[in-house]
Amino acid sequence: MVTSFLLFFVCLLIFVRTESLLVNITILETAVAKGAVCLDGTPPAYHLDRGSGPGVNNWVISVEGGGWCQNVTLCLTRKNTRLGSSAKMDHQLPFSGMMSNDPNFNPEFYNWNRVSVRYCDGGSFTGDVEAIDPGTGLHYRGARIFKAIMEELLAQGMNTSQNGSAKNLPPSCTSKLKPGLCFFPENVAQQIKTPLFIINAAYDHWQVRNILVAPGTDPKGAWTSCKANIKNCTPYQLTVLQGFREDFLKALEGLGRSSTRGYYINSCFSHCQSQQQAYWFGLNSPRLFNKTIAEAVRDWFLETDQYRHIDCPYPCDKTCVDATDIITSQHI
């Protein structure tokens, strides 16, 4: 039996109408001396809820998502939000889904140490530019932030965990491709040695709204209703979405087989399901091969089932949670 474990996942924050634990923010002031700061120069931050009992040496690390700022103008805009400044972050963060401390909602990980690492550098924790932009005051120090927070968590007890963190951009990828391409899972997942479990909706609504039909590419609003709810999509739009799903599944297949890699690919119109209680674990949560996401992750983690399953195409899955039942908070 594994006695300690470290689990990472990346996700935008999406909250549901369930009772959640509010976890106080920790501003890492000591990181400033290391040059590990947000876009605006404020210290980085995280939220930690301590584990207990048999979970005291196990860690779940949630690395907050939030896209990138691809140019100075976008970074300047982000600088004045929670995605660019710890001064703009809420002092408390709801922990639900995989982050919940309630065994009724999170039976396998409720008593682990659970950490949410806040994202405020605009470059997926990879920037390491010493110079500060004199015209804008922008700091590009994401890699330093990640290192400083991991060092802090190790000092807080994560050093008792069997697995530590991996490099942000592995040389095995950057030696073959441009660094920018090494942000994408299809180019790096093959190189990950740590056991990996992939949770993804085949119709990921964040990708549909921000990549497939990106802001500014639909001036007449033909996709507005469809992007709000897949049930509103026209036959043509559904054909496009089915092609989007097929492209995703080809990328997944391209990773090849791994004895330690599992996946749960359902056909819900959702995003970041591990932090949404309605999707993670509940009486009405989505099921794939009669298992909720929490049950599938449990079986894979305990090695009772490798669990590699892909849902049938929309609209065959009738277990998906209606998007209107979920309150989202994405503050981007």
Side-chain angles (χ1 to χ4, degrees), residues 1-2 5-23 47-56 58-65 93-116 195-206 261-312 317-329:
M1 177 66 67
V2 176
F5 193 76
L6 175 65
L7 186 61
F8 280 86
F9 60 96
V10 179
C11 196
L12 291 175
L13 297 176
I14 300 183
F15 311 136
V16 298
R17 277 192 302 237
T18 59
E19 188 172 334
S20 301
L21 171 71
L22 292 175
V23 179
H47 302 253
L48 165 63
D49 187 46
R50 289 284 185 181
S52 61
V56 72
N58 300 331
W59 292 72
V60 174
I61 311 295
S62 170
V63 183
E64 184 182 16
L93 190 68
F95 272 24
S96 63
M98 197 174 187
M99 303 295 280
S100 173
N101 68 337
D102 189 333
N104 294 311
F105 296 120
N106 188 23
E108 300 305 323
F109 308 107
Y110 74 95
N111 62 354
W112 288 28
N113 297 285
R114 285 154 290 107
V115 183
S116 178
L196 176 67
F197 193 84
I198 300 170
I199 303 169
N200 213 92
Y203 308 93
D204 184 293
H205 67 55
W206 190 92
R261 187 189 305 134
Y263 46 79
Y264 189 109
I265 311 299
N266 62 19
S267 290
C268 300
F269 192 62
S270 60
H271 177 70
C272 199
Q273 298 175 94
S274 61
Q275 284 189 324
Q276 297 186 67
Q277 195 65 59
Y279 281 97
W280 174 249
F281 184 75
L283 292 176
N284 298 316
S285 295
R287 281 169 168 74
L288 183 55
F289 282 77
N290 204 34
K291 288 185 179 179
T292 63
I293 297 173
E295 290 167 336
V297 172
R298 174 201 63 197
D299 291 350
W300 168 82
F301 174 68
L302 296 177
E303 299 181 346
T304 60
D305 183 356
Q306 289 185 319
Y307 204 91
R308 302 187 186 103
H309 291 296
I310 298 173
D311 209 349
C312 49
D317 189 339
K318 305 304 181 184
T319 70
C320 291
V321 179
D322 193 314
T324 59
D325 292 334
I326 297 174
I327 298 176
T328 63
S329 179

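- With rounding to the nearest 0.5 angstrom, the SG atom of Cys272 is 11.0 Å from the CE atom of Met98.
- The salt bridge (charged side-chain N to carboxylate O under 4.0 Å, His left out) test applied to Asp311 returns no partner, not counting sequence neighbours.
- In this structure Asn266 satisfies the side-chain hydrogen bond (donor to acceptor under 3.5 Å, both in side chains) test together with Gln273, sequence neighbours excluded.
- Listed by chain and number, the residues in a side-chain hydrogen bond (donor to acceptor under 3.5 Å, both in side chains) with Ser52 amount to none (sequence neighbours excluded).
- Shortest non-hydrogen contact noted between His309 and Leu288 is O-CD2, 3.5 Å.
- Looking only at side-chain heavy atoms (C-beta outward), Met99 and Asn106 stay at 4.5 Å or farther from each other.
- Under the rule for a salt bridge (charged side-chain N to carboxylate O under 4.0 Å, His left out), the partners of Asp305 that lie at least two apart in sequence or sit in another chain are Lys291.
- The backbone N or O of Leu48 lies less than 3.5 Å from no partner atom in the side chain of Ser116, so there is not a single donor-acceptor pair.
- Here the side chains of Asn200 and Tyr263 are not in contact, with every heavy-atom distance at 4.5 Å or above.
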Query raised in the report: Ser270 and Gln276: side chain to side chain donor-acceptor pair (under 3.5 Å), yes or no, with the steps?
Result: CA-CA 10 Å; Ser270 60; Gln276 297 186 67; 5.4 Å; no
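- Listed by chain and residue number, Ala189, Ile192, Ile198, Arg261 satisfy the side chain to side chain contact (heavy atoms under 4.5 Å, CB included) test with Leu196 (two or more places apart in sequence, or in another chain).
- Pro286 is listed as a side-chain neighbour of Val321, based on a closest heavy-atom distance under 4.5 Å.
- Asp49 pairs by the side chain to side chain contact (heavy atoms under 4.5 Å, CB included) definition with Leu21, Val23, Phe95, Asn101, Arg114, not counting sequence neighbours.
- Nearest heavy-atom pair across Trp280 and Ser285 is C-OG, 4.2 Å.
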Query raised in the report: side-chain contact (heavy atoms from CB on, under 4.5 Å) between Ser100 and Tyr110: does it pass, once the steps are laid out?
Result: CA-CA 6 Å; Ser100 173; Tyr110 74 95; 5.8 Å; no
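- Considering all non-hydrogen atoms of both residues, Ala201 and Cys268 come closest at CB-O, 3.3 Å.
- Thr292 is linked by a side-chain hydrogen bond (donor to acceptor under 3.5 Å, both in side chains) to Glu295, counting only residues two or more places apart in sequence or in another chain.
- Of all the heavy atoms in Asn113 and Gly51, the pair that sits closest is OD1-N, 2.7 Å.
- Between the CD atom in Glu64 and the CD atom in Gln275 there is a gap of 8.5 Å [rounded to 0.5 Å].
- Residues passing the side-chain hydrogen bond (donor to acceptor under 3.5 Å, both in side chains) test with Arg287: none are found, sequence neighbours excluded.
- At least one donor-acceptor pair closer than 3.5 Å links the side chain of Gln277 to the backbone N or O of Phe105.
- The shortest distance between side-chain heavy atoms of Trp300 and Pro195 falls below 4.5 Å.
- By the salt bridge (charged side-chain N to carboxylate O under 4.0 Å, His left out) test, Asp102 pairs with no residue at all, sequence neighbours left out.
- Using cut-offs of 30° and 60° for the angle between ring planes, the Trp112 and Phe301 rings count as perpendicular.
- Under the rule for a ring-ring contact (aromatic ring centres under 6.0 Å, His included), the partners of Tyr264 that lie at least two apart in sequence or sit in another chain are Tyr307.
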